[in-house]
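Since the structure comes first, as structure tokens, the remarks are kept for the end.
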Protein chains: 2
Amino acid sequence: MPSTRDRLIDAAFALFEERGFDETTVDDVAARAEVGRTTFFRAFRSKEDVIFPDHDAMLGAVSARLATATAATVEVAVTEAAHVVLAHYLAEGTRAQQRYRLTRSVPALRSREVASLLQYQQVFRTFLHGWTGGTARADLRAELLANAVVTAHNHVLRRWLRETITAGEAEAEFATSMDEVLRIFADPAPSVGGTAVVVLRSDQPVESLLPALREVVARPET
Amino acid sequence: MPSTRDRLIDAAFALFEERGFDETTVDDVAARAEVGRTTFFRAFRSKEDVIFPDHDAMLGAVSARLATATAATVEVAVTEAAHVVLAHYLAEGTRAQQRYRLTRSVPALRSREVASLLQYQQVFRTFLHGWTGGTARADLRAELLANAVVTAHNHVLRRWLRETITAGEAEAEFATSMDEVLRIFADPAPSVGGTAVVVLRSDQPVESLLPALREVVARPET
DNA sequence: CTGTCGGTGGGACTGAGTACCGTGTCAAGT
DNA sequence: ACTTGACACGGTACTCAGTCCCACCGACAG
């Protein structure tokens, strides 16, 4: 016998799929789960929350992963933290896609989903702020990067949710997308392939920069 | 005598400020505006909507500005479209800051605000998608850029809403922030003022790259 | 047998949002 | 002057989400 909470989740997904979200009352859900209406609101704060049952747990998992980072492993931590979420959705399988259909068609659920997205961005932002903070420019960059990570993750996730790509392809695209994001935000100069391109700027003639150039080229990596 | 709609807006802001959002009923707002409750719901879809009275108009203004763009003026269009929103908030003055305090303290209003943010991102995204679309990588970049523009705008706007900077400073920071965003997403090597120097790293000695450098520097713009 | 504690159910209540109907007003059109 | 119709508004009644409070029940300890 599954737990009361799980029975409520199953009942909710089933009924929302059958009749639609607005056409289903909390009473209906509670009735199908064979519990009282009060019990529903003890398990979930609202009718919408039952669609995102483990959002809080995910948020905690992301925070936990980020907390293990050091200054040298910020990028890895960010990537893996985002991957925790992706992996969870992929593991959910059908249910995640069912939720996606619901969030597309019901405005209330859509805004709920967006609100949870913002929470992820918040977590990434405060994390990055801790490592890169300081100047106003750094703050902006931290926020942009946090945002970009979540956006890239969602971009890939959505493609899987729409069933345009398989789970395996999603994993691969996630990796390349995160690389793309980190490359875009890497400063000061992105490096593509075997050749690194560095951009300096000055008003002096090219020849006078040669010593500086020599130093840059001699350094193995940025 | 201001219009019924305007009286409702004034009444709502006043009461939400005095008693708080949750402690104020729609009846209260309607009563202070000296209209019936029904009239409130005819003017606004929900109790939250009265806080964002001209959001729809803003969305339209942004779309309109973007629609005038050509392939050559995409960046300018994006910048100016975002600026339309900033300018509107700055013109609102006190009321915008009042709204900000409300959205910080009331979760329901916060998620409503976030939902409207997403609509802006959507507009920018479909716009950019139209100009840059094609490959999966281009799609991702378009979404990232749309996101970054909205994020940068909001970053600056928030600083003004918190009254950490003045309206004039907000304008200046907006310009530099948008430059920063466009620079981050510019590919592959941005050139700003003065002389641009591109350094290629390879296995060959620096001197052998001089002809290539000279050619790059000679070219006026990327 | 008694206390109590966690999970549960029920019933009453508030308030948002909707549907429907009635009314006053203003501006033609005749 | 009378009708007609569009329009904005007010009132009533209803559904349903969410809250509050109280009662119940089984487990478990003393």
Side-chain angles (χ1 to χ4, degrees), chain A residues 1-53 55-56 99 102-103 105-116, chain B residues 1-53 55-56 99 102-103 105-116:
Chain A
M1 181 79 164
S3 74
T4 300
R5 180 184 163 87
D6 289 338
R7 289 212 316 279
L8 280 167
I9 294 170
D10 289 339
F13 271 93
L15 284 171
F16 293 167
E17 184 92 336
E18 289 172 19
R19 303 187 208 167
F21 181 78
D22 290 331
E23 288 70 32
T24 305
T25 70
V26 174
D27 273 303
D28 297 335
V29 177
R32 175 173 296 209
E34 293 175 322
V35 297
R37 206 175 81 101
T38 311
T39 304
F40 179 94
F41 283 107
R42 259 191 282 263
F44 306 98
R45 275 191 297 276
S46 73
K47 184 181 171 189
E48 286 107 30
D49 272 1
V50 72
I51 298 297
F52 311 98
H55 168 248
D56 288 343
R99 179 189 303 118
L102 283 172
T103 54
S105 56
V106 183
L109 294 177
R110 185 170 175 79
S111 61
R112 188 59 153 232
E113 190 194 26
V114 171
S116 72
Chain B
M1 183 79 164
S3 75
T4 300
R5 182 184 162 87
D6 288 338
R7 289 212 316 279
L8 280 167
I9 294 171
D10 288 339
F13 270 94
L15 284 171
F16 294 167
E17 182 92 337
E18 289 172 19
R19 305 188 206 167
F21 181 79
D22 290 330
E23 288 70 31
T24 305
T25 71
V26 174
D27 273 303
D28 297 336
V29 177
R32 175 172 297 211
E34 293 175 321
V35 297
R37 205 177 81 101
T38 311
T39 303
F40 179 94
F41 284 107
R42 257 190 284 263
F44 306 98
R45 275 192 296 277
S46 72
K47 183 181 169 187
E48 286 107 28
D49 272 0
V50 72
I51 297 297
F52 310 99
H55 168 248
D56 288 343
R99 179 191 301 117
L102 283 172
T103 54
S105 55
V106 182
L109 293 178
R110 184 170 176 78
S111 61
R112 190 58 153 235
E113 190 193 27
V114 171
S116 72

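Below, chain A is the first sequence line, B the second, and so on; all start at residue 1.
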side-chain hydrogen bond (donor to acceptor under 3.5 Å, both in side chains) partners of residues 35-44 of chain A, not counting sequence neighbours, each pair once: none
Spacing between [X] atom [atom1] and [N] atom [atom2], to the nearest angstrom:
X	N	atom1	atom2	value
A:D49	D:dG18	CG	C1'	12 Å
A:F44	C:dG7	CZ	C1'	15 Å
A:L15	D:dC16	CG	C1'	16 Å

Along nucleotides 16-27 of chain C, 5' to 3', which nucleotides get a B, which get an S, and which get a -, given that the test is a protein heavy-atom distance under 4.0 Å? BBB---------
Who passes ring pair (Phe, Tyr, Trp, His ring centres under 6.0 Å) against [X], sequence neighbours left out?
X	result
A:F52	none
B:F41	none
A:F13	none

With sequence neighbours left out, the residues meeting side-chain contact (heavy atoms from CB on, under 4.5 Å) with B:T24 are B:L15, B:F16, B:R19, B:D28, B:V29
